[in-house]
Amino acid sequence: MADPRGFLKYERQDNPKRPIEERRADWHELYAPLTDPAVREGTVTQAARCMDCGIPFCHSGGAGCPLGNLIPEWNDHVRRGEWARATERLHATNNFPEFTGALCPAPCEAACVLSITSQPGPVAIKRVEWSIAEVGWADGHVVPQPPSNRTGRRVAVVGSGPAGLAAAQQLTRAGHDVTVYERDDRLGGLMRYGIPEYKFEKWELDRRLEQMRAEGTHFVVHCEVGGDGEGALSVERLRAEHDAVVLAVGALQSRDDRTIEGRDLEGIHLAMEYLVPANRECEGDGPSPFTARGKHVVIIGGGDTGADCYGTATRQGAIGVHQLDQYPPPPQTRQDSRSPWTTWPYVFRTPPALEEGGERLFATAVQRFVGDDRGHVRAVELSSVEVRKDADGRR
Ligand code: SF4
């Protein structure tokens, strides 16, 4: 049984981060290593804050964990120091918990019973999840699980992002002969080229790919299904050569407004035009053509992708970074009228990248881009945004 008073004894503490000056100067993971003995011991204390609720809202697919992670079970194992058992229960519902531990926004924490009020704060579920995964790898509890029987069926998975890889791993372990097709030169989809290195070091992705290869999953890169370039594979051939096909492709269509005056000036880039070569540089593919070094950078968009550009520009050596959010700043605490517990709260958040310098402007939009006589963007003219509410008070 859980410690029913654990949350009264211990304050919530997230993963400790590396000092700002240190992490701004490199591309390594911004958090301190989770397998560090002191950090690991702190995670045990955090797991002890869990009450093992009669109805664990954290675990529910409705508002809590979309994967149905068995959160109270592995919290209790960690509290007892049973890391191997915690690793097994975590992987019962989640193929790649270090991916989600690093990158999921944690709706489980928003749905935690300890999140009903602003204090004492929810269980640090994300920290516990990520720590179990890393300790599991470090202690040798995560190993390849090749199937004991083969079905003789061939399955194609199109796309090697997290969804495609998870599907491929499950199907391989079920005994099927699985091949993952990826159009890019490396595996991982947006995990590889969209997520900055400082948020998720790609050797962690490679570590999982090695596990999958050892289990028997096959991978083909440089292969666009339905394309007509070199190495492309027709849909007809894909269907003819496999018993089943899983489509796990993403949507790379950007939201671009070419009607804004000056949009065609040099120096204005879409997020993926900027993040992909920055990640390629970290992979050793040479300098990005779009470095922010020595430049003033304006990021349009206040979401996670904007924050990824922010942290990337900071590490590339930008002189200054400003992020524009068209919405006014959200409230500091959950407003029940707008986002009651257990829903995802509409509250003010500061991603780690935005702690590292620069400035965020709310209720601000681009009116037009101003160029110099070489056709390069020189300034951005801004306007304030007023969000009107309807008669019911909705925005
Ligand atoms: S809702 Fe929070 S306190 Fe309850 S079981 Fe889940 S993590 Fe533990």
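The chain is numbered in sequence order, starting from 1. We count ligands from 1, going down the list as the structure has it; atoms in each ligand are counted the same way.
- With respect to R280 and D184, a salt bridge is recorded, a charged nitrogen being found less than 4.0 Å from a carboxylate O.
- Closest non-hydrogen pair, I20 versus E356, comes out as CG2-CA, 3.9 Å.
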Legend entry - CA sep, side-chain torsions, deciding dist, call: R49, V128, side chain to side chain contact (heavy atoms under 4.5 Å, CB included): CA-CA 11 Å; R49 296 184 70 241; V128 179; over 6 Å; no
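- Close contacts between ligand 1 and I125 involve ligand atoms 7 (S) [criterion: under 4.0 Å to a heavy atom].
- Residues D257 and R263 are not paired through a salt bridge, judged by the lack of any N-O separation under 4.0 Å between the basic side chain and the carboxylate.
- With waters neither drawn nor counted, the protein N/O/S atoms under 2.8 Å from atom 4 (Fe) of ligand 1 amount to 1.
- The hydrophobic clustering, which links ILVMFWY residues whose side-chain heavy atoms are closer than 4.5 Å, places F96 and V157 together.
- With hydrophobic clusters built from ILVMFWY side chains whose heavy atoms lie under 4.5 angstrom apart, L247 shares a cluster with V220.
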